[in-house]
Amino acid sequence: MDSKEIMIKVNKLIQMHQEGYLGGEKMPEDENPHLNKNSEQNYIYFTLPMSLNYQRNSYVLWECANRMYADKNAKIVFNCREVCAMPEEFLRQYLVRYKVALQPNKQPLIWKRLCETIENKLDGDIRNLFSMNEFSVKKIKEYIQSNKKAFPYLGGNKIVNYWLYVLEQYTDIEFIDRENITVAPDTHVIQASQRLGVISHEESKLSNVQIILAARWKELLEGTDLKPIDVHTPMWLWSRGKFKVDI
(Lines give C-alpha, C1' and ligand atoms only; values in the text may rest on other atoms or scores of the structure.)
Protein backbone atom coordinates (compact mmCIF):
# COMPACT_ATOMS: atom_id res chain seq x y z
CA MET A 1 0.00 0.00 0.00
CA ASP A 2 1.57 3.27 -1.17
CA SER A 3 0.02 5.69 1.34
CA LYS A 4 0.99 8.87 -0.47
CA GLU A 5 -0.40 7.70 -3.79
CA ILE A 6 -3.62 6.53 -2.17
CA MET A 7 -4.10 9.83 -0.33
CA ILE A 8 -3.68 11.76 -3.58
CA LYS A 9 -6.52 9.68 -5.04
CA VAL A 10 -8.63 10.01 -1.87
CA ASN A 11 -8.36 13.79 -1.85
CA LYS A 12 -9.21 13.89 -5.55
CA LEU A 13 -12.23 11.67 -4.94
CA ILE A 14 -13.46 13.91 -2.13
CA GLN A 15 -12.99 16.99 -4.30
CA MET A 16 -14.93 15.41 -7.15
CA HIS A 17 -17.73 14.55 -4.74
CA GLN A 18 -17.84 18.13 -3.48
CA GLU A 19 -18.01 19.39 -7.06
CA GLY A 20 -20.90 17.06 -7.87
CA TYR A 21 -19.14 14.72 -10.30
CA LEU A 22 -20.13 11.59 -8.35
CA GLY A 23 -23.84 12.34 -8.09
CA GLY A 24 -25.41 12.05 -4.67
CA GLU A 25 -27.54 15.18 -4.95
CA LYS A 26 -30.06 13.04 -3.10
CA MET A 27 -28.92 10.42 -0.61
CA PRO A 28 -31.17 7.59 0.62
CA GLU A 29 -31.81 9.17 4.02
CA ASP A 30 -32.90 12.45 2.41
CA GLU A 31 -36.23 10.65 2.12
CA ASN A 32 -37.54 11.68 5.55
CA PRO A 33 -40.40 13.68 7.11
CA HIS A 34 -38.12 16.62 8.00
CA LEU A 35 -38.83 16.59 11.72
CA ASN A 36 -37.12 18.91 14.18
CA LYS A 37 -33.49 17.78 14.20
CA ASN A 38 -33.34 17.67 18.00
CA SER A 39 -36.63 15.81 18.54
CA GLU A 40 -36.86 12.33 19.98
CA GLN A 41 -39.08 11.30 17.06
CA ASN A 42 -36.44 12.41 14.54
CA TYR A 43 -33.85 10.22 16.26
CA ILE A 44 -36.29 7.29 16.23
CA TYR A 45 -37.03 7.78 12.53
CA PHE A 46 -33.35 7.38 11.65
CA THR A 47 -32.87 4.45 14.04
CA LEU A 48 -35.60 1.85 13.55
CA PRO A 49 -35.45 1.48 9.73
CA MET A 50 -31.65 1.44 9.90
CA SER A 51 -31.82 -1.90 11.70
CA LEU A 52 -33.43 -3.38 8.56
CA ASN A 53 -30.94 -1.79 6.16
CA TYR A 54 -29.06 -4.85 4.98
CA GLN A 55 -28.95 -6.67 1.64
CA ARG A 56 -31.38 -4.24 0.03
CA ASN A 57 -31.56 -0.97 -1.89
CA SER A 58 -31.14 1.84 0.65
CA TYR A 59 -33.05 4.33 -1.49
CA VAL A 60 -36.09 2.03 -1.59
CA LEU A 61 -35.94 1.32 2.15
CA TRP A 62 -36.05 4.98 3.13
CA GLU A 63 -38.75 5.78 0.57
CA CYS A 64 -40.86 3.02 2.13
CA ALA A 65 -40.12 4.24 5.66
CA ASN A 66 -41.13 7.79 4.77
CA ARG A 67 -44.41 6.63 3.19
CA MET A 68 -45.16 4.58 6.29
CA TYR A 69 -44.46 7.54 8.55
CA ALA A 70 -46.77 9.73 6.46
CA ASP A 71 -49.69 7.34 7.09
CA LYS A 72 -51.33 8.65 10.28
CA ASN A 73 -52.33 5.10 11.25
CA ALA A 74 -49.06 3.35 10.36
CA LYS A 75 -47.05 6.07 12.09
CA ILE A 76 -47.79 4.30 15.37
CA VAL A 77 -44.96 1.83 14.68
CA PHE A 78 -42.47 4.65 15.30
CA ASN A 79 -43.78 4.92 18.87
CA CYS A 80 -41.74 2.50 20.97
CA ARG A 81 -44.24 2.31 23.81
CA GLU A 82 -47.08 1.50 21.43
CA VAL A 83 -44.98 -1.11 19.61
CA CYS A 84 -44.14 -2.85 22.88
CA ALA A 85 -47.84 -3.16 23.68
CA MET A 86 -49.20 -4.09 20.26
CA PRO A 87 -49.68 -7.65 18.96
CA GLU A 88 -46.88 -8.83 16.71
CA GLU A 89 -49.29 -9.38 13.82
CA PHE A 90 -50.40 -5.75 13.99
CA LEU A 91 -46.80 -4.55 13.71
CA ARG A 92 -46.09 -7.02 10.91
CA GLN A 93 -49.03 -5.79 8.83
CA TYR A 94 -47.74 -2.22 8.69
CA LEU A 95 -44.07 -3.08 8.15
CA VAL A 96 -44.88 -5.57 5.38
CA ARG A 97 -47.60 -3.43 3.75
CA TYR A 98 -45.15 -0.59 3.27
CA LYS A 99 -42.29 -2.97 2.37
CA VAL A 100 -40.14 -1.65 5.18
CA ALA A 101 -39.84 -5.29 6.25
CA LEU A 102 -39.09 -7.75 3.45
CA GLN A 103 -38.77 -10.73 5.79
CA PRO A 104 -42.22 -10.91 7.43
CA ASN A 105 -41.24 -13.15 10.32
CA LYS A 106 -37.75 -12.01 11.25
CA GLN A 107 -37.69 -8.26 10.63
CA PRO A 108 -40.76 -7.21 12.65
CA LEU A 109 -39.14 -8.99 15.61
CA ILE A 110 -35.97 -6.94 15.11
CA TRP A 111 -38.04 -3.75 15.05
CA LYS A 112 -39.91 -4.75 18.20
CA ARG A 113 -36.76 -5.81 20.06
CA LEU A 114 -35.22 -2.39 19.41
CA CYS A 115 -38.38 -0.68 20.64
CA GLU A 116 -38.28 -2.82 23.80
CA THR A 117 -34.64 -1.88 24.34
CA ILE A 118 -35.39 1.82 23.96
CA GLU A 119 -38.44 1.60 26.21
CA ASN A 120 -36.98 -0.62 28.96
CA LYS A 121 -33.25 0.15 28.96
CA LEU A 122 -33.23 3.77 27.82
CA ASP A 123 -36.34 5.16 29.54
CA GLY A 124 -38.20 5.40 26.26
CA ASP A 125 -35.79 7.80 24.57
CA ILE A 126 -32.97 6.69 22.24
CA ARG A 127 -31.14 9.95 22.98
CA ASN A 128 -30.41 8.61 26.47
CA LEU A 129 -28.04 6.09 24.87
CA PHE A 130 -25.83 8.96 23.81
CA SER A 131 -26.02 11.11 26.94
CA MET A 132 -25.36 8.17 29.29
CA ASN A 133 -22.24 7.42 27.24
CA GLU A 134 -21.11 11.05 27.25
CA PHE A 135 -21.60 11.40 23.48
CA SER A 136 -18.53 9.26 22.97
CA VAL A 137 -18.64 7.04 19.89
CA LYS A 138 -16.19 4.66 21.55
CA LYS A 139 -18.36 4.30 24.66
CA ILE A 140 -21.60 4.05 22.67
CA LYS A 141 -20.20 1.22 20.56
CA GLU A 142 -18.84 -0.55 23.64
CA TYR A 143 -22.24 -0.30 25.31
CA ILE A 144 -24.00 -1.71 22.26
CA GLN A 145 -21.46 -4.53 21.97
CA SER A 146 -21.96 -5.47 25.62
CA ASN A 147 -25.74 -5.49 25.04
CA LYS A 148 -25.66 -6.85 21.50
CA LYS A 149 -28.87 -8.89 21.74
CA ALA A 150 -30.72 -5.73 22.71
CA PHE A 151 -29.59 -4.03 19.48
CA PRO A 152 -30.18 -6.62 16.74
CA TYR A 153 -28.32 -5.78 13.52
CA LEU A 154 -27.83 -2.18 14.66
CA GLY A 155 -24.75 -3.44 16.52
CA GLY A 156 -23.06 -4.90 13.45
CA ASN A 157 -19.71 -3.50 12.27
CA LYS A 158 -21.21 -1.95 9.16
CA ILE A 159 -24.56 -0.69 10.39
CA VAL A 160 -23.51 0.75 13.75
CA ASN A 161 -20.94 3.06 12.14
CA TYR A 162 -23.22 4.09 9.32
CA TRP A 163 -26.09 4.68 11.77
CA LEU A 164 -23.97 7.02 13.89
CA TYR A 165 -22.84 8.81 10.73
CA VAL A 166 -26.45 9.27 9.59
CA LEU A 167 -27.45 10.60 13.00
CA GLU A 168 -24.59 13.06 12.75
CA GLN A 169 -25.93 14.26 9.38
CA TYR A 170 -29.67 14.41 10.14
CA THR A 171 -30.01 15.13 13.87
CA ASP A 172 -28.43 17.68 16.19
CA ILE A 173 -26.04 15.21 17.82
CA GLU A 174 -22.36 16.10 18.19
CA PHE A 175 -19.91 13.38 19.14
CA ILE A 176 -16.76 14.21 21.09
CA ASP A 177 -14.71 11.60 19.19
CA ARG A 178 -16.16 11.31 15.70
CA GLU A 179 -12.84 9.85 14.56
CA ASN A 180 -14.10 6.61 16.11
CA ILE A 181 -16.90 6.36 13.55
CA THR A 182 -15.01 4.02 11.26
CA VAL A 183 -15.59 3.54 7.56
CA ALA A 184 -18.90 1.72 7.17
CA PRO A 185 -17.67 -1.22 5.08
CA ASP A 186 -20.59 -2.21 2.88
CA THR A 187 -20.14 -3.76 -0.57
CA HIS A 188 -19.60 -0.42 -2.32
CA VAL A 189 -17.03 0.80 0.21
CA ILE A 190 -15.16 -2.50 0.05
CA GLN A 191 -15.05 -2.34 -3.75
CA ALA A 192 -13.91 1.30 -3.76
CA SER A 193 -11.26 0.61 -1.12
CA GLN A 194 -9.89 -2.22 -3.23
CA ARG A 195 -9.82 0.00 -6.31
CA LEU A 196 -7.90 2.66 -4.37
CA GLY A 197 -5.38 0.05 -3.21
CA VAL A 198 -6.28 0.21 0.47
CA ILE A 199 -6.96 -3.54 0.46
CA SER A 200 -6.07 -6.25 -2.02
CA HIS A 201 -8.52 -8.35 -4.04
CA GLU A 202 -7.71 -11.31 -1.79
CA GLU A 203 -8.40 -9.30 1.36
CA SER A 204 -11.74 -8.10 -0.04
CA LYS A 205 -12.95 -11.71 -0.04
CA LEU A 206 -12.01 -12.47 3.58
CA SER A 207 -14.73 -12.93 6.20
CA ASN A 208 -13.09 -10.31 8.43
CA VAL A 209 -12.67 -7.72 5.67
CA GLN A 210 -14.75 -5.19 7.63
CA ILE A 211 -12.29 -5.28 10.53
CA ILE A 212 -9.29 -5.12 8.18
CA LEU A 213 -10.78 -2.18 6.32
CA ALA A 214 -11.59 -0.19 9.46
CA ALA A 215 -8.03 -0.60 10.74
CA ARG A 216 -6.49 0.20 7.36
CA TRP A 217 -8.43 3.44 6.92
CA LYS A 218 -7.71 4.52 10.49
CA GLU A 219 -3.98 4.04 9.88
CA LEU A 220 -4.09 5.73 6.49
CA LEU A 221 -5.87 8.88 7.70
CA GLU A 222 -4.01 9.28 10.97
CA GLY A 223 -2.38 12.70 11.12
CA THR A 224 -4.61 14.15 8.39
CA ASP A 225 -7.63 16.43 8.67
CA LEU A 226 -9.89 13.61 7.50
CA LYS A 227 -11.77 11.17 9.72
CA PRO A 228 -12.52 7.66 8.40
CA ILE A 229 -16.26 8.25 7.98
CA ASP A 230 -15.54 11.35 5.84
CA VAL A 231 -14.52 9.12 2.95
CA HIS A 232 -17.60 6.89 3.14
CA THR A 233 -20.02 8.82 0.91
CA PRO A 234 -17.52 9.65 -1.89
CA MET A 235 -16.47 5.99 -2.07
CA TRP A 236 -20.05 4.73 -1.88
CA LEU A 237 -21.15 6.99 -4.74
CA TRP A 238 -18.06 6.22 -6.80
CA SER A 239 -18.69 2.48 -6.59
CA ARG A 240 -22.44 2.82 -7.06
CA GLY A 241 -21.68 4.73 -10.27
CA LYS A 242 -19.58 1.75 -11.40
CA PHE A 243 -16.36 3.78 -11.22
CA LYS A 244 -17.20 5.70 -14.39
CA VAL A 245 -15.42 8.76 -12.99
CA ASP A 246 -11.68 8.34 -13.43
CA ILE A 247 -9.43 9.53 -10.61
Side-chain angles (χ1 to χ4, degrees), residues 20 22-119 122 124-127 129-130 151-156 158-173 184 186-189 232-233 236-237 239-241:
L22 301 179
E25 292 81 4
K26 182 177 180 180
M27 295 300 290
E29 298 80 15
D30 287 341
E31 192 72 30
N32 69 77
H34 302 288
L35 304 168
N36 289 335
K37 293 187 78 171
N38 64 349
S39 70
E40 183 267 342
Q41 191 67 185
N42 191 47
Y43 278 75
I44 284 293
Y45 179 84
F46 288 108
T47 296
L48 295 175
M50 187 66 75
S51 67
L52 307 185
N53 189 18
Y54 56 93
Q55 295 184 344
R56 66 179 303 180
N57 185 306
S58 295
Y59 283 94
V60 175
L61 168 65
W62 290 102
E63 287 168 2
C64 293
N66 199 19
R67 282 198 296 271
M68 185 169 70
Y69 192 90
D71 181 331
K72 63 181 181 181
N73 294 317
K75 184 179 176 180
I76 194 174
V77 303
F78 287 93
N79 184 314
C80 292
R81 182 172 296 179
E82 294 284 357
V83 169
C84 291
M86 72 175 58
E88 184 183 317
E89 184 56 36
F90 190 63
L91 173 63
R92 179 183 293 110
Q93 285 178 5
Y94 281 127
L95 293 177
V96 171
R97 179 189 305 171
Y98 281 94
K99 297 183 180 179
V100 173
L102 298 183
Q103 299 174 14
N105 295 320
K106 183 178 182 179
Q107 292 184 327
L109 292 178
I110 292 171
W111 190 284
K112 187 162 189 173
R113 173 63 64 85
L114 266 179
C115 287
E116 290 171 344
T117 297
I118 293 166
E119 191 64 25
L122 302 171
D125 192 335
I126 187 65
R127 294 173 299 182
L129 171 65
F130 312 119
F151 296 91
Y153 284 91
L154 204 59
K158 179 182 74 174
I159 292 182
V160 70
N161 286 288
Y162 190 65
W163 172 53
L164 295 176
Y165 167 70
V166 166
L167 289 181
E168 190 182 47
Q169 302 302 308
Y170 293 91
T171 75
D172 69 335
I173 199 164
D186 66 0
T187 301
H188 286 308
V189 170
H232 173 88
T233 298
W236 190 84
L237 289 169
S239 174
R240 189 171 183 272

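As a basis for the values below, the full set of heavy atoms in this structure was taken, side chains included, without hydrogen atoms, waters or symmetry mates.
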Any side-chain heavy atom of Asp125 within less than 4.5 Å of one from Ile44?
-> no

Backbone N/O of Cys64 and side chain of Asn66: donor-acceptor pair under 3.5 Å = no

Would you please name every residue forming a side-chain hydrogen bond (donor to acceptor under 3.5 Å, both in side chains) with Asp172, sequence neighbours left out?
-> Tyr43

Quick one: list whatever passes side-chain hydrogen bond (donor to acceptor under 3.5 Å, both in side chains) with Trp111, sequence neighbours left out.
-> none

Decide yes or no for Val100 and Leu61: does some side-chain heavy atom of the first lie under 4.5 Å from some side-chain heavy atom of the second?
-> yes

Sequence neighbours excluded, which residues qualify as ring pair (Phe, Tyr, Trp, His ring centres under 6.0 Å) partners of Tyr59?
-> none

How many angstroms lie between CZ in Arg240 and CG in Asn57, if you round to the nearest 0.5 Å?
-> 6.5 Å

Is there side-chain contact between Asn36 and Asn42, with at least one heavy-atom pair below 4.5 Å?
-> no

Sequence-distant partners of Asp71, side-chain hydrogen bond (donor to acceptor under 3.5 Å, both in side chains), two or more places apart = Tyr98

Apply the test side chain to side chain contact (heavy atoms under 4.5 Å, CB included) to residues Leu167 and Phe130: give CA-CA distance (whole Å), side-chain angles for both, the deciding distance (0.1 Å), then the verdict.
-> CA-CA 11 Å; Leu167 289 181; Phe130 312 119; 3.4 Å; yes

Please assess Glu29 against Phe46 for the test side chain to side chain contact (heavy atoms under 4.5 Å, CB included), listing each intermediate value before the final yes or no.
-> CA-CA 8 Å; Glu29 298 80 15; Phe46 288 108; 4.1 Å; yes

Mind listing the closest non-hydrogen atom pair of Arg56 and Lys99 along with its distance?
-> NH2-O, 2.9 Å

What one should report as the nearest heavy-atom pair of Leu237 and Gly23 is CD1-O, 3.8 Å

Please check if the side chain of Arg92 supplies one atom and the backbone of Pro104 the other of a donor-acceptor pair under 3.5 Å.
-> yes

Closest approach of Ala65 to Pro49 (non-hydrogen atoms, all atoms of both residues) | CB-CG, 3.9 Å

Spacing of Leu48 atom CG and Ile118 atom CD1 [to the nearest 0.5 Å] | 5.5 Å

Any residue meeting ring pair (Phe, Tyr, Trp, His ring centres under 6.0 Å) with Phe151, in chain and number order, not counting sequence neighbours | none

Considering residues, nucleotides and ligands other than Gln55, do more than 12 of their heavy atoms fall under 6.0 Å from its CD?
-> no

Any idea which heavy atoms bring Ile110 and Ser51 closest together, and the distance?
-> CG2-OG, 3.8 Å

Just how far is it from atom CH2 of Trp236 to atom NE2 of His188, taken to the nearest 0.5 Å?
-> 5.5 Å

salt_bridge(Arg67, Glu31) N-O dist < 4.0 Å | no

Review item, side-chain donor-acceptor pairs of residues 75-83, under 3.5 Å, at least two apart:
| residue | atom | partner | partner atom | Å |
| --- | --- | --- | --- | --- |
| Asn79 | OD1 | Arg81 | N | 3.1 |
| Asn79 | OD1 | Glu82 | N | 3.1 |
| Arg81 | NE | Glu119 | OE2 | 3.2 |

For the rings on Trp62 and Tyr45, is their centre-to-centre separation under 6.0 Å?
-> yes

Nearest heavy-atom contact between Glu40 and Gly124 is OE2-O, 3.7 Å

Can Met86 and Tyr94 be said to form a side chain to side chain contact (heavy atoms under 4.5 Å, CB included), step by step?
-> CA-CA 12 Å; Met86 72 175 58; Tyr94 281 127; 5.7 Å; no

Within a strict 4.5 Å, meaning less than it, do heavy atoms of the Leu114 and Tyr153 side chains meet?
-> no

Below 4.5 Å, heavy atoms only, C-beta onward: do Leu102 and Gln107 meet side chain to side chain?
-> yes

Look up atom CG in Asn161 and atom CH2 in Trp163, then write down how far apart they are to the nearest 0.5 Å.
-> 11.0 Å

Do Ser58 and Asn53 come close enough that some side-chain heavy atom pair is under 4.5 Å?
-> yes

At what distance, to the nearest 0.5 angstrom, does CD of Glu88 lie from CG of Leu109?
-> 4.5 Å

To the nearest 0.5 angstrom, please state how far the CD atom of Gln169 sits from the CG atom of Asp30.
-> 10.0 Å

